[in-house]
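For reference, the structure is listed below as structure tokens.
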Amino acid sequence: MSALLNNYSRKKISFVKGKGCYLYSTTGDKYLDFVQGIAVNSLGHCHDHLVKAINKQSKKLWHVSNAFTIIEQERLAKRLTQNSFADFVSFQNSGAEATELAIKVARKYFYKKGQSKKNRILCLNESFHGRTLATIFASNSKKATEGFGPKVEGFDQFNFADHKSLEKSITNRTAAIMVETVMGEGGIKVIPDYCLKGLRKLCNKKNILLILDEVQCGIGRTGKFFAFEYAGIKPDIVPIAKGIGGGFPIGACLMTKKVASCMGPGSHGSTFGGNPLAMSVGNAVLDQILKKDFLKKVQLIGKYFHDQLYKLQSEFPNVIKEVRGVGLLVGIKIVPDQALFIKKLIDNKLLTIRAAENVVRLLPPLNVKKENIDQAIVILRKVCKTFK
Ligand code: PLP
């Protein structure tokens, strides 16, 4: 019997090695990995540049307290700001922590302005911002919050694609609207560009901060450094994690100068956040993602993947209901039972992961090759046939 807490329905399969798109199991099988730690291994498993960077840093310095200046952290923060809307960055260890900091900053911002009652955060129903107490009650889904009361106060919710519900939910106590630019766990639901533009305008008009959670969709996953760039808008605060670490736990909260000014020494902290080992990996990830044409390639291969999936959908309209996503943040909404479909894919050596609304997420690394996509399509076609 496992000594692990029973908080996951874990599959029996275990892996001993990973390289690029592939995972190798204890049973000697080779799997095409289109989970990649749920959009974490942005450059695939054991990317040579990342392996070199972590090895090099591991021989120099692992951890020092944030009470000192950490050179690698300064560098990563500078590079993130130079390539985004942000002026300041705070490093954490996970997406939930990054999102919690976003909430804290939004509240403190209005507190410092003498508007301490303007402290509520408006989120989407069925969103996902993490598993801490605040972030579960931000999303407020029954499944995530049941039994974990008392409720953390200060969050309101509105419905996806429901402008009336949004306008109705805003009060003079709303400090920030926090949404995922693309809802990941919620079923790869993309907020259209015109809605993001509208949201930005609405926030400006009502003096509300806009927090865009890019933990899953950021750092190149959609073919832009940040997914919101497609809409040509600038948010105030952006939590990130997953892809920036390429497999090493890193979270970060990016923000503008305007909001950052509310946070002073002692207002937030993290023992591990931004340590030299983590930062050396984060910098190595950016070395690759910021290379000229890297993101253009993500867009091209993303389009190729989508095109192949649309073809598959037209072959099997009774199996694939919808193709969703942007770039390499991809989902197919299927008709058959999700668990059975995913199991059949695994039996055929393709790893995928579920999302809400009976969506199967397909999350290859950002440097995925055309032949890997073709291989996935062959397996998907084979499995679709069994449901015809
Ligand atoms: N926000 C979004 C959009 C996510 O997809 C996730 C994780 O899936 C989180 C926050 C939480 O991140 P973590 O699991 O690293 O705490």
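Read the numbers this way: they start at 1 and go in the same order the structure lists the ligands and their atoms. Just so it is clear, the values below take in all heavy atoms, side chains as well, and ignore hydrogens, waters and symmetry mates.
- A centroid separation of 6.0 Å or more is found between the aromatic rings of His45 and Tyr22.
- Counting only heavy atoms, the protein never gets under 4.0 Å from atom 14 (O) of ligand 1.
- Proximity of a side-chain donor or acceptor of Asp337 to a complementary backbone N or O of Leu340 within less than 3.5 Å is detected.
- Ligand-side atoms of ligand 1 in range of Glu180: 3 (C), range being under 4.0 angstrom from any heavy atom.
- Only the side chain of Lys242 comes within 4.0 Å of ligand 1, counting heavy atoms alone; its backbone N, CA, C and O stay farther away.
- The shortest N or O to N or O distance between Ala96 and ligand 1 is under 3.5 Å.
- Taking the six-membered ring where the residue is Trp, the centroids of Phe341 and Phe387 are separated by under 6.0 Å.
- In terms of protein heavy atoms, atom 5 (O) of ligand 1 is closest to Gln216 NE2, 2.8 Å.
- Among protein heavy atoms, atom 9 (C) of ligand 1 sits closest to Val215 CG1, 3.7 Å.
- Of the protein's heavy atoms, Asp213 OD2, 2.7 Å lies nearest to atom 1 (N) of ligand 1.
- The protein atom (non-hydrogen) at minimum distance from atom 12 (O) of ligand 1 is Gly95 CA, 3.2 Å.
- No donor-acceptor pair under 3.5 Å is formed between the side chain of Arg75 and the backbone N or O of Asn283.
- Between the side chain of Lys333 and the backbone N or O of Glu357, at least one donor-acceptor pair lies under 3.5 Å.
- Contact check on Lys189 versus Glu126 returns no salt bridge, with no Lys/Arg side-chain nitrogen under 4.0 Å from an Asp/Glu carboxylate oxygen.
- Remark: ligand 1 atoms within the under-4.0 Å shell around heavy atoms of Ser94 are 15 (O), 16 (O).
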